[in-house]
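Not measured: the values here are computed from a predicted model. By convention here, the first residue in the shown sequence is residue 1. For ligands, and for the atoms within them, numbers begin at 1 and follow the listed sequence.
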Amino acid sequence: MIKCISCGMEYEDDNIIYTCNNCGSILEVICDVDVSKEIFNCRKSTMWKYKEFMPVNESSIVTLQEGGTPFCKCEKLGEKLGVELHVKVEGSNPTGSFKDRGMSVGISKALELGVNAVGCASTGNTSASLAAYAARAGLRCIVLLPSGKVALGKLAQAMFHGADVISVKGNFDEALEAVTALALEGELYLLNSVNPYRLEGQKTIGYEIVDDLGWQSPDRIILPVGNAGNISAIWKGIKEFHRAGFMEDLPMMTGIQAEGAAPIVKAFENGKEDIVPFENPETVATAIRIGAPVSALKAIRAINESDGYAETVSDEEILSAQKLLARTEGIGVEPASAASIAGLIKLVEKGVVDKNEKIVCIVTGHLLKDPNTAINACTEPVEIDADIDKLSKFISGL
Ligand code: AN7
């Protein structure tokens, strides 16, 4: 069953529907499961470990064994900031971002619905992931990308997996509007996160964090927010495990946006549930260069219900956090993902995060997604002859 989050209207699972026919609001999949957590014991560590909570039949599952990502305790960085820090490394998914979780469910659902073509608009990672899963399922894939603004690793993936890649003159929000219109015309099955099945995959990040912590909640989960699907999905997952009695406490959901693309932070600061879109969003973190997040209402509710927080970070803070995480803990992430670490640093300084809080930062995509930003942050290597004397002299002079 699918349900409208505003008016409560319900729809059958086999409806191809993205927003409520009655009021236009966004939808969610109702998940009503009664199992004991012991059923998860001894299962392989992928997101399908929690298959009872997934809205697809086992026989239709399209998977690349996504999920089960590293959960790294970061002692050095944590000590520096005075918190217990764990980092959930979503760049370790098959195509290098958390989007794979959503696409596994979304593409499985597409097969159940019998569609021929799938599509999305994307700042990059959604398209890379969709292209791979569509290839695996044998479906046509059409992706609309904001021209000139997609990081090269992601663009290469979308093209290499055989998607029809169209560069749209405009930003992500305009590309999303266009692809949504195509979906409503029946040209393709839309797999942006407005599709509630996508979020059913992504909610497993919440499940895994609780499982990773020995069936306990962290005090706080911090993550970057763009189109706002992920924070909404993770909160949904956490609430489901809480309702199932698998955990006692709940985490404060803390969303971080780039200063130049921060409609959710502005709404949070103004105590509003509605956002005012950023017309010309801009940030070095191109993944979250989004001005009118589709899941804003779910995200703001997640933040408020969980007594969480929303904060902005500057491009400078993002790039500096990206380097800090890479060089202190060995975890390489793309700029958008580093927003979670930059946000943590800022919230510690502001006193919003208490000393000794148990924090999980979600880093959403791999460093190599955006190779140009990584290369630009470094100096070119010096070229030297393969001569031991010259090399020794150079190394001792460093
Ligand atoms: C690395 O690929 O929107 O708040 O089109 O790639 O759920 O949108 C990507 C988003 C964070 C924000 N980190 O997640 C897309 C796209 C990375 C991302 C986000 C994205 P949402």
Protein contact to atom 5 (O) of ligand 1 [nearest heavy atom, distance to 0.1 Å]: T123 N, 2.8 Å

Numbered atoms of ligand 1 (with element) below 4.0 Å of I290, judged on heavy atoms: 3 (O)

Donor on one side chain, acceptor on other, K154 and S127, under 3.5 Å: no

Members sharing I30's hydrophobic cluster (side chains within less than 4.5 Å): M1

Ligand 1 contact on S122 by region, counting heavy-atom pairs under 4.0 Å: both

Donor-acceptor side-chain pairing of K266 and Q257 below 3.5 angstrom: no

Within-cut-off N or O pair, I231 and ligand 1, under 3.5 Å: no

Side chain, backbone, both or neither: L223 near ligand 1, heavy atoms under 4.0 Å: neither

Between N93 and E66: side-chain donor-acceptor atoms closer than 3.5 Å: no

Residues, nucleotides or ligands: over 12 heavy atoms within 6.0 Å of E269 CD: yes

Protein contact to atom 6 (O) of ligand 1 [nearest heavy atom, distance to 0.1 Å]: N125 ND2, 2.7 Å

Minimum non-hydrogen distance to atom 1 (C) of ligand 1, winning option of T364, I362, V294: T364

Identity and distance of the protein heavy atom lying nearest atom 14 (O) of ligand 1: F98 CZ, 3.5 Å

Donor on one side chain, acceptor on other, E317 and S314, under 3.5 Å: yes

Which residue and heavy atom of the protein sit nearest atom 19 (C) of ligand 1, plus the separation: I288 CG2, 3.6 Å

Sub-4.0 Å heavy-atom contact, N192 with ligand 1: no

Shortest protein contact, atom 18 (C) of ligand 1 (heavy atom only): A287 CB, 3.5 Å

Check: W215/E248 side-chain N/O donor and acceptor closer than 3.5 Å: no

Residue portion contacting ligand 1 (non-hydrogen atoms closer than 4.0 Å) for K154: neither

Ligand-residue contact atoms, ligand 1 with V225, heavy atoms, under 4.0 Å: 4 (O)

Nonpolar side-chain network containing L391, other nodes, edges under 4.5 Å: V382, I384, F394, L398

Sub-4.0 Å heavy-atom contact, G124 with ligand 1: yes

Which residue and heavy atom of the protein sit nearest atom 10 (C) of ligand 1, plus the separation: K99 NZ, 3.1 Å

Audit row: K169, E174, salt bridge (charged side-chain N to carboxylate O under 4.0 Å, His left out) steps and yes/no: CA-CA 9 Å; K169 291 180 192 152; E174 290 160 320; over 6 Å; no

Polar side chain donor-acceptor pair, N195 to Y189, under 3.5 angstrom: yes

Side-chain H-bond candidate by donor/acceptor type, R101 with T69, under 3.5 Å: yes

F241 and F246 aromatic ring geometry - parallel, tilted or perpendicular at 30°/60° bounds: perpendicular

Nitrogen or oxygen of G226 less than 3.5 angstrom from that of ligand 1: yes

Atom indices of ligand 1, in the order listed, that fall short of 4.0 Å to a heavy atom of T126: 2 (O), 5 (O), 15 (C), 16 (C)

Non-hydrogen atom of S193 closer than 4.0 Å to ligand 1: no

Heteroatom distance test (N230, ligand 1): nitrogen or oxygen, under 3.5 angstrom: yes

Pairwise distance CG(L155) to OG(S167) - rounded to 0.5 angstrom: 8.0 Å

Protein contact of atom 8 (O) of ligand 1 - nearest heavy atom, named by residue and atom, plus distance: N227 N, 2.7 Å

Within-cut-off N or O pair, G229 and ligand 1, under 3.5 Å: yes

